[in-house]
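Data first, discussion second: the structure below is written as structure tokens.
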Number of protein chains: 4
Amino acid sequence: MVTTKTELRKQKILDTATKVFAQRGFQEATITEIAKEAKVSEASIYEYFSTKEGLLFSIPARSSRELFEVMAFHLKLIRGAGNKLRAIVYLLMDSYQNHPEFAAVLMLFLKHNKKFLDTSGHHVIKEGVRQITRVIEEGIESGEFRGDLNPYLTRAMVLGTIEHLVTNWVMTGHPDSLIQFVDPLIDSLLAGIEQADATTK
Amino acid sequence: MVTTKTELRKQKILDTATKVFAQRGFQEATITEIAKEAKVSEASIYEYFSTKEGLLFSIPARSSRELFEVMAFHLKLIRGAGNKLRAIVYLLMDSYQNHPEFAAVLMLFLKHNKKFLDTSGHHVIKEGVRQITRVIEEGIESGEFRGDLNPYLTRAMVLGTIEHLVTNWVMTGHPDSLIQFVDPLIDSLLAGIEQADATTK
Amino acid sequence: MVTTKTELRKQKILDTATKVFAQRGFQEATITEIAKEAKVSEASIYEYFSTKEGLLFSIPARSSRELFEVMAFHLKLIRGAGNKLRAIVYLLMDSYQNHPEFAAVLMLFLKHNKKFLDTSGHHVIKEGVRQITRVIEEGIESGEFRGDLNPYLTRAMVLGTIEHLVTNWVMTGHPDSLIQFVDPLIDSLLAGIEQADATTK
Amino acid sequence: MVTTKTELRKQKILDTATKVFAQRGFQEATITEIAKEAKVSEASIYEYFSTKEGLLFSIPARSSRELFEVMAFHLKLIRGAGNKLRAIVYLLMDSYQNHPEFAAVLMLFLKHNKKFLDTSGHHVIKEGVRQITRVIEEGIESGEFRGDLNPYLTRAMVLGTIEHLVTNWVMTGHPDSLIQFVDPLIDSLLAGIEQADATTK
DNA sequence: AATGAATGAGGCTTCATTCAT
DNA sequence: TATGAATGAAGCCTCATTCAT
């Protein structure tokens, strides 16, 4: 992990942008504002990022990659699709909880943005999401999950619920903990998708 | 249902705005464009709506009220929390499927907008969502649903999954049917939240 | 003095306009505002006045004519240019004091407006001002005033001082009486400000 | 007197604005027009001035400060309140005569503008006017002026007359000299307009 | 004679972005 | 590489004014 001076400047800009976007909204935030807060000239921002939107789209790449690397690592250690799913939910919720500004940018300005779909930042996320799909498919194949499950739909349940909870959480100024939802959420999810006669985790 | 000339004009503007916002995005769309498409002067738009954002926020009021009225009507006719939940999911998905542009505006530009929260349009939606909560609480009280369910979390599962599916659907240009997901979705949901020994719906 | 219904409407509009212009400023005031306050439709205002500026320019005609008629009447009764000048100053100040909103419109929006110069309303004022010039010229001819006086300049002193005082008065929300200045003002005008026995300037 | 490039640009804009406002009127003038004439982009104007009205209000600061500095300097050199008053009148009239466009902006668009009162530009003027008051008070104290003079009223006579003359001058396209009025004006102010031996009213 | 509803016309203002240094 | 200064481009919005009723 080489961190040249340049690399540090870039990351400083990204972090500041995350913060400013989260606080003020993407449209409402201005480059001037970000530059001032990051103690960098406006022109410097354009040294690193092609446009304001490009800056926004660059925000998730790094944290997402790191998150999904950790996720991949954990999934290797865990046995059982149910347990893996619990780990996934936990890791995601924990990550959002610890990076509320990043969560806000992701939930409020990136998901729902069609242009983001064609972005390398989105590619990283898609890759990560594939891990979830794979766990679900494994669960179905192994018989741990119901055989008639639609993997896409099941993943939608997992991600949709998380997104809904996190979005509410960031929009209301995150008054209470996200983590508290992990266990009951997993319970409901698994009860719904596991084989009725499964001996369970 | 009195529909004065004025009322018709207003609705025409709302419908056009929905369409233009859905196609071009809120920021990208211009008042000029909407005015031209609605065959109305720009100034006329401002006769009815105070600002471009005000116009956006006025879009859901009517359709949402109608949808939730229909929902309330149906829920009265149906017995059983599980069956009611199926009706809810069906009505929502069916409505989005039949009004893809409205669905797009709602999913991409309204939910996730903090300012929308203070809006009368959002109030209508909040009222409607309360119906869902009530059904879940009824199910828990009647013993049809598991007693340890968290109603907020359960509602988050229902709405989150729907939102996720609909958002994907509008962002990808809605290639296939939404309705197809209703039954498997309800199956998974109910299997997860119903009492294990419930004799079923 | 025929006052048809129409004439009453017109006067109502003029009075309301005077009030609104005085309170909010000419540019800041809107026709809508005046119409609402006068309990008249916007279109009705345009029945009587060609434009917003035309409305403004129509304000002084009547009151000015009345004021200068009174002035002419009084001047006939009074002997001596000095006494006449006192009457003039008194009448003007008294009139402004009793019609502060009219005074505001006159001082803030009419004088200093080049377009107003070509107006019949301004014509009335010009006629009235001529009376003042005539009194000054009479005073010079009769030997009551200094023979080397420049009548234009002298009139400028009288009017300029009054305008300055009234302008200050309307701009500060007219806290105190205008009339108090009449006597000292006349004294200074007639006698000058230096000590009679001063050996020099 | 440091004059950076930026400072020059700013002054260029102010000078152009003065000219354009004087020729076309404040409302009638457009930012586009000023920008074009000053060979500067519209956006550049907003780099230096927050709003069109802010631009207007910024016009008098510098020239007024300079004028009042010169005035203060002269007043120190001159003995006698009467002579000082003559100097004041001369300096003001001379300054307006030499800067007719500035005079127009000041007389037609700034004095009489309530919002201008809260401005730093107006503050400078208020400070300057205080010098005049002081001279009058000195004259009274020293016995050179009548002991019963009201200083505020006397100042109003001086300023009011000047303002009236200058306003007329700018509104009529300044056909003739302003300076010609200085001596007779001062004479009348100091000596009054009645014959010294008049038997009086 | 009176009006409510509709609009034409255009100005101010804002930023993302660039460029000369 | 870094920046302060400059601007191009365009959109929102406001009203005075008109017109059909």
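Per chain, numbering begins at 1; letters A, B, ... match sequence-line order. Keep in mind that this is a model prediction, so the values were computed, not measured.
Applying the 4.0 Å criterion to OP1 and OP2 of E:dG4, one finds that B:Arg9 has every side-chain N and O outside that range.
Contact annotation for C:Tyr48: backbone-only contact, meaning every heavy-atom pair under 4.0 Å involves sugar-phosphate atoms and none involves a base. Using a 4.0 Å heavy-atom distance criterion, C:Thr51 is classed as a sugar-phosphate-only contact.
For C:His99, the NE2 atom counts as loosely surrounded, since its 6.0 Å shell holds 12 or fewer non-hydrogen atoms of other residues, nucleotides or ligands. Within 6.0 Å of NE2 in D:His174 there are more than 12 heavy atoms belonging to other residues, nucleotides or ligands.
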Side chain to side chain contact (heavy atoms under 4.5 Å, CB included) between C:Glu33 and C:Arg24, worked out: CA-CA 10 Å; C:Glu33 205 175 346; C:Arg24 308 242 303 121; 2.5 Å; yes

Applying side chain to side chain contact (heavy atoms under 4.5 Å, CB included) to A:Leu55 and A:Leu14, what does each step give before you reach the verdict? CA-CA 7 Å; A:Leu55 171 57; A:Leu14 277 173; 4.0 Å; yes

Show your working on side chain to side chain contact (heavy atoms under 4.5 Å, CB included) between C:Thr167 and C:Lys111 and close with a plain yes or no. CA-CA 11 Å; C:Thr167 300; C:Lys111 305 217 167 182; over 6 Å; no

Which is it for C:Thr16 and C:Val40 under the side chain to side chain contact (heavy atoms under 4.5 Å, CB included) test, yes or no, and what are the steps along the way? CA-CA 10 Å; C:Thr16 308; C:Val40 153; over 6 Å; no

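One atom, NZ of D:Lys52, and another, P of E:dG10, lie 15 Å apart when rounded to the nearest Å.
Sorted by residue number, the members of residues 23-44 of chain A with any non-hydrogen atom under 4.0 Å from DNA chain F read A:Ser41, A:Ala43, A:Ser44.
Residues satisfying the side-chain hydrogen bond (donor to acceptor under 3.5 Å, both in side chains) test with D:Glu53, not counting sequence neighbours, are D:Lys115.
Listed by first and then second residue, the salt bridge (charged side-chain N to carboxylate O under 4.0 Å, His left out) pairs involving residues 8-23 of chain A are A:Lys19-A:Glu37 (not counting sequence neighbours). Within the structure, every pair that satisfies the ring pair (Phe, Tyr, Trp, His ring centres under 6.0 Å) test and touches residues 9-48 of chain A, not counting sequence neighbours, is listed here: A:Phe21-A:Phe26.
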Would you write out the dot-bracket form of DNA chain F, 5' to 3', with Watson-Crick and G-U pairs under 3.5 Å, [ ] for crossing pairs, | for pairs to other strands and . for unpaired bases? .||||||||||||||||||||

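Put simply, OG1 on D:Thr119 and CG on D:Asn113 are 8.0 Å apart, with the number rounded to the nearest 0.5 Å.
Between B:Phe57 and B:His122 there is no side-chain heavy-atom pair separated by less than 4.5 Å.
First and last contacting nucleotides of DNA chain F toward chain D (any atom under 4.0 angstrom from a heavy atom, 5' to 3' order): F:dA6 to F:dG8.
Residue order along DNA chain F, read from the 5' end via each residue's closest nucleotide, puts D:Lys5 first among C:Tyr46 and D:Lys5.
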